[in-house]
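Just so we're on the same page: letters track the sequence lines, and every chain starts at 1.
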2 protein chains.
Amino acid sequence: MSESPATASYAEFSRRLKPRMAELLAALFQENRGSIRVKKEKVAVKNLEKIFAAALALGQTKGFHAMSLRELSRASGLSMGALYSYFSSKEELRGHILRFGVRLASEAVEAEAKRYSRPAEQLAGAIRAHLFLSEALRPWFYFAYMEARNLPAKEREQAMANERRTEAVFVRILREGKKRGAFRLPEVELTAAAIKALLQDWYLKRWKYGQAGLGVEEYAAFVVNFVLGAIRARPKEWGK
Amino acid sequence: MSESPATASYAEFSRRLKPRMAELLAALFQENRGSIRVKKEKVAVKNLEKIFAAALALGQTKGFHAMSLRELSRASGLSMGALYSYFSSKEELRGHILRFGVRLASEAVEAEAKRYSRPAEQLAGAIRAHLFLSEALRPWFYFAYMEARNLPAKEREQAMANERRTEAVFVRILREGKKRGAFRLPEVELTAAAIKALLQDWYLKRWKYGQAGLGVEEYAAFVVNFVLGAIRARPKEWGK
DNA sequence: GTCTATAGTGCGATAGAC
DNA sequence: GTCTATCGCACTATAGAC
């Protein structure tokens, strides 16, 4: 509940996230002891990490469906047979990867929420937190976005629900700011959707921003400024 | 060079686009007489239309790579053998579809450009034209966006160049408006990228806007207003 | 726990009848 | 111009050696 002027820097955000990734990987192993044939946690976690990293990298460039398990075997350094000790089908592997990311992401967003009380700072904080998160987990975010449509119906609905949940955070902040007179905007839901689109562009068009030599902090500053301008929040009004 | 208050309605835009689609399909047939074994234009164009529509629909839900030619055969009503009278490989089919769309899209955007002289109206017109176009060719836009990364290197670079070209239109308008004092914005390139992201969200998240009962004209009005707000264009300044 | 070898399936593409 | 039948191949997944 501190009122520091802005969310922590990306470096700090990233530093706080790292250890959670290792913990969650171990948790994922424990929860799937049934289907994972390897029993030593240390070995399993190490290999799961390799498999996930390789699958995300390959999924990045050619898509998960187009990636063959032979390629994954080569890229991860494990044989075909060894791979199948960690999952029982290619689809199950995709499920593991997606669930791992969802948990990591939702935890991190919850942790950043409600650190501020003034609407404009809340909005800026939420934008920064989402961008920092997608930067730290960029391969996963891209993977999840692109794989969403290939999911079986049930999981696809869950993915769409996730999309709505993210937007709901922004809807709440916008509505509160509007009530307090800090923001002027007619369409709260559409504005939240627009913010979401700007956040997603960061990991979807990384090639473009990378070539322009732009960092995540600079992009975050731009988005915050752009959005606050669009909803008529003026610097002098930020404190309302 | 008319100075009507806004780009034509979507209905009118769509009406003007339709005949061009038939013409371009015929042109595509003529240019590929070498590789297309069917010689009667009437038959060929009719079947190409069926094939393209079926491929776009299937590519929509599962991706082009995941779509098998057996499925395409079923969906288009042509046998496997017949399909191969119209293209010599699955990849060539993808190329046909992408090139067809690129030509249709670039023609339509050129036609809408430069209809206005005042910066805010130019910007609003360009936003509306892009949205209307992506609405009329939604299956194709979605297909092109999702297939871009699966293209061979040369064609992928061309796709990225297309992305930049669209943005260049907005950069030009923004820069001109800034010079004339109609807009206040520090980052012209980033603003153009942000506008692009908002335009793309319309066809990428169609499920969301569709469920909300939102039409393309309403979304266009929102985006225009949002962007003009962000770049500090005020209604009274629109005429500058 | 990991490997190599291979079974079984469905793919893209083609040949030849009509 | 379109069809059916089929080829060869690459894939996912598994069996059994080490």
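Protein atom CE of B/Met67 is 14 Å distant from nucleotide atom C1' of C/dA13, rounded to whole Å. Regarding A/Tyr84, its OH atom lies at a distance of 19 Å from the P atom of C/dA5, rounded to whole Å. Following rounding to the nearest Å, A/Leu69 (CG) and C/dT6 (C1') show an atom-to-atom distance of 16 Å.
Exactly one of A/Leu56, A/Leu93, A/Leu72 qualifies for a side-chain contact (heavy atoms from CB on, under 4.5 Å) with A/Phe64. That residue is A/Leu93.
B/Ser68 comes within contact range of the sugar-phosphate backbone alone, with a heavy-atom separation under 4.0 Å but no base atom that close. Using a 4.0 Å heavy-atom distance criterion, B/Ser85 is classed as a base contact. Among the atoms of the strands shown, only primed sugar atoms or phosphate atoms (P, OP1, OP2) are found under 4.0 Å from some heavy atom of A/Tyr86.
Think of the region where chain A sits on DNA chain D: with heavy atoms and a 4.0 Å cut, that region ends 5' and 3' at D/dC11 to D/dT14.
With a 6.0 Å cutoff to the six-membered ring centre and a 45° limit on the axis angle, B/Lys42 does not count as a cation-pi contact of B/Phe29.
A/Phe132 and A/Tyr10 have their aromatic ring centers within a separation under 6.0 angstrom. Remark: aromatic rings of B/Tyr203 and B/Tyr142 are distant, center separation not under 6.0 Å.
Both B/Arg37 and A/Met80 lie close to DNA chain D; mapped to their nearest nucleotides by heavy-atom distance, the more 5′-ward contact belongs to B/Arg37.
For B/Arg70 and C/dG12, a side-chain-to-base donor-acceptor distance below 3.5 Å is present, hydrogens and geometry of angles not being considered.
Ring planes of A/His130 and A/Phe170: tilted class, angle from 30 to 60°.
Ion pairing between a basic and an acidic side chain is recognised when a charged N comes within 4.0 Å of a carboxylate O; A/Arg103 and A/Glu31 show such pairing.
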